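For clarity, every value in this text was computed on a predicted model and none was experimentally measured.
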Amino acid sequence: MNAEVAVESTPETPLWNDPARPVADRIDALIGAMTLQEKTAQLYGVWVGASDQGGEVAPHQHDMEEAVDLDALLPTGLGQLTRPFGTVPVDPALGALSLARTQARIAATNRFGIPALAHDECLSGFAAWTATAYPVPLSWGATFDPDTVRRMAAAIGRDMRAVGVHQGLAPVLDVVRDARWGRVEETIGEDPYLVGTIGTAYVQGLESAGIVATLKHFAGYSASRAGRNLAPASVGPRERADVLLPPFEMAIREGGARSVMNAYTDTDGVPSAADEELLTGLLRDTWGFDGTVVADYFAIAFLKTLHGVAADWAGAAGAALRAGIDVELPNVKTYGTPLAEAVADGRIPEALVDRALRRVLTQKAALGLLDPDWDPLPAGLAGADLENPDALRGRIDLDGPENRALARTVAEKAVVLLSNDGTLPLAGPRRIALVGPNADEPTAVLGCYSFPQHIGVRHPGTPVGIELPTLRETLAAEFPDAEITVARGTGVDDGDLSGLAEAARVAREADVAVVVLGDRAGLFGRGTSGEGCDVGTLALPGAQQRLLDTLLDLDTPLVTVLIAGRPYALGRAVAESAAIVQSFFPGEEGTHAIAGVLSGRTEPSGRLPVSVPREPGSQPATYLGPRLAHAGEVSSVDPTPAFAFGHGLSYTRFDWTDLTVDAERAPTDGEFTLAFTVRNTGGRPGTEVVQLYLHDPVASVVQPVQRLIGYHRVDLRPGEARRLRVTVPADLASFTGRDGRRVVEPGELELRLAASSAEPRLTARVTLTGAERHVDHTRRLHATIAPEPPARS
């Protein structure tokens, strides 16, 4: 007899608390013992803030919700605690104690001893006071380095687990379709393969630390009309299937993500929160996802208030539950009394409640929250004197040296050198003019979901909590013998022209001028980048272009540095600036990374995850467009970017040679194998980022001119060469055909080995033979690019 099944429960250990019993049996027994109100209580969260004195959490009063009475709610249980650390500034150790005490109360108050699952934001690091602020996801994309992103995510996850958090609301897997959208900084880029591979690495890292990763936003949010937040998504089924969905598919299949969050938007009139075909038919029935689907904040209520597809709160709850949303966040609104009453009077089947409840409880069981030895104290408080909260202050360090070193590594790999006439690296200049609104601004490196910009701005008397050296400070350390003169010139978005003359004066008197432009992250119009900070064009905010043009009029060499959350058109600077350096909100170590590139201490190796436009009004446009989306004589608008997706320079040179193709023909279920050599022909070590694009010249439906199907970073010393072998499965040529099924068609293809989407170096022309072949979600997803093993002697 199977020992696991043979173990009997005792009266002291109810079946659902017995870890020796099969999880399904435990959940069945628990659901069978619960009242309707106890069931629905597991399907919602309460937004709270941890106490900085170590006491229990306090409900957070949000302007979109009524006050929550915890005393009234807790006897029936509670599904989730929303953002205990990401709501108010709190010392991590005292916050962990506050959360632990609250969890003990929650478990003691309900009949079954079930604690809540605590979630928090972790988009660019754990969004808690004093936690490391890593680069934003757009910088992750710029690294083209999944391994480094995986290590970063694991570090973030360990910090979250140390204080008692179970779930992280990241990564964002939206593919950029319009760079005017304010949340571009939260995305990984404009290519689904790059987004999928980097996002999957983040999921793997977070999950390796025991944190439930949450994929956002499923699906179509980034395709909202005109780049406006929460606008309808104008996408057809083929664009959705081939561009927007693959990153989610990959992160579920290869990353093991255990949660998905719906998108706010509607697609062709169907809100994602009420889309049963998407949340159940595709996600669960086809892809086999067995985790939880959580609502984006207030998304279920939005079915009534914004989308108008529900007449009341019960109608909204029923639509979301039927579609497949298991948990209402951030607070109880529709899944509480309205849902329970609608089930009781027969408007909503109780089976839908049980279906969602089973997923929620199964996840809690996997996290150990149903086990009899569950302990509310997290690892960070092990051995601590809990009776002396003041002695705990400072006990948990969420920004230690290892974190900062990792943050710097990510930032360094993400800096993109867009152009350079030889001025960089700077060769010991005597006088440097440092100009611009982001030259001496500590928070210029932070994204919208970093704690200081997201929460800290509402607590002006609280210290930032982390070290944020400005570029002025890091340049002074990088060039200790140089005289550095700083002039603001203008603000990020205030349009102030009064400082232009002073900026021109200090630049005129310098050997080199460095102008530092870009964004200020914020929420809902309080910044130039971030959630709700959408723009009408990709012109630089405020008067920054005027400042840039003023400096370009001078004879002093000008190095343009962008610290931003999205790409911007730079006008004359594209041709006239001595060099252009792009950094996407690089986090707390970002100015060290930028200064290192300017001095040459660090070799630039970042590549653009989004195209940089030539004209500010050419959106929406990405490199993934078909032929009609590119420049032509039939339109006066030229969407050709100033710098293409995948572009990035180095301080050395690389030659690509000796392409060989093992066989130029392969069946539609076969693969192609190529090999070529990359050599560093310059005088400095450097990193080349090999990119592999597929061009399908003739297909049954319109295809992008090319799309990324693989990439590989190659580190080479001066004179060093490496031969790389590339294997390309025919599955990567698949696309959604006219009948809605994914198909691999016979015919000619081009495999372009390139330094960017605009710079092919070697091209292999190959042919797929045989019958048309249909593939599904089990298809091969990757080409492999790896060093060729040395030949045996």
Would the number of heavy atoms belonging to other residues, nucleotides or ligands and lying under 6.0 Å from [atom1] of [X] be above 12?
{"X": "R546", "atom1": "CZ", "result": "no"}
{"X": "R238", "atom1": "CZ", "result": "yes"}
{"X": "D555", "atom1": "CG", "result": "no"}

Pairing residues for S611 by the side chain to side chain donor-acceptor pair (under 3.5 Å) criterion, not counting sequence neighbours: E190
Could I get the full list of side chain to side chain contact (heavy atoms under 4.5 Å, CB included) partners for [X], not counting sequence neighbours?
{"X": "S757", "value": "Y623, A644, F645, Y693, Q706"}
{"X": "S577", "value": "L552, L558, T560, A573, I580"}
{"X": "A501", "value": "none"}
{"X": "D493", "value": "R520, T528, P541"}

With [X] via ring pair (Phe, Tyr, Trp, His ring centres under 6.0 Å) - residues at least two apart:
{"X": "Y202", "result": "W140"}
{"X": "Y568", "result": "none"}
{"X": "H592", "result": "none"}
{"X": "H712", "result": "none"}

Verify whether one side chain among S234 and R225 offers a donor that lies under 3.5 Å from an acceptor in the other. yes
Between S272 and N262, do the side chains contain an N or O donor and an N or O acceptor separated by less than 3.5 Å? no
Could you check whether any side-chain heavy atom of P641 comes within less than 4.5 Å of a side-chain heavy atom of V612, counting everything from C-beta outward? no
Is the shortest side-chain heavy-atom distance between F584 and V184 below 4.5 Å? no
Show every donor-acceptor pair shorter than 3.5 Å between a side-chain atom in residues 530-537 and any protein atom, with sequence neighbours excluded, or say none if there are none.
from : atom 1 : to   : atom 2 : distance (Å)
E531 : OE1    : Y449 : OH     : 2.7
E531 : OE2    : R183 : NH1    : 3.3
D534 : OD1    : G182 : N      : 2.7
D534 : OD2    : N229 : N      : 2.7
T537 : OG1    : A539 : N      : 3.2

With sequence neighbours left out, write down each residue that passes salt bridge (charged side-chain N to carboxylate O under 4.0 Å, His left out) with D268, or none if nothing qualifies. none
Hits for salt bridge (charged side-chain N to carboxylate O under 4.0 Å, His left out) against E603, two or more places apart or cross-chain, chain-then-number order -> R684
Parallel, tilted or perpendicular: rings of H217 and Y221 (30°, 60°): perpendicular
To the nearest 0.5 Å, how far apart are [atom1] in [X] and [atom2] in [Y]?
{"X": "I198", "Y": "M250", "atom1": "CD1", "atom2": "CE", "answer": "10.5 Å"}
{"X": "T602", "Y": "K413", "atom1": "OG1", "atom2": "NZ", "answer": "11.5 Å"}
{"X": "Y193", "Y": "I709", "atom1": "OH", "atom2": "CD1", "answer": "8.5 Å"}
{"X": "R472", "Y": "T474", "atom1": "CZ", "atom2": "OG1", "answer": "9.5 Å"}

My understanding is that only one of L562, L649, L608 makes a side chain to side chain contact (heavy atoms under 4.5 Å, CB included) with L418; could you say which? L608
Worked check of side-chain contact (heavy atoms from CB on, under 4.5 Å) between T187 and V195: CA-CA 8 Å; T187 73; V195 174; over 6 Å; no
Hey, are D553 and R572 close enough for a salt bridge, meaning a charged N less than 4.0 Å from a carboxylate O? yes
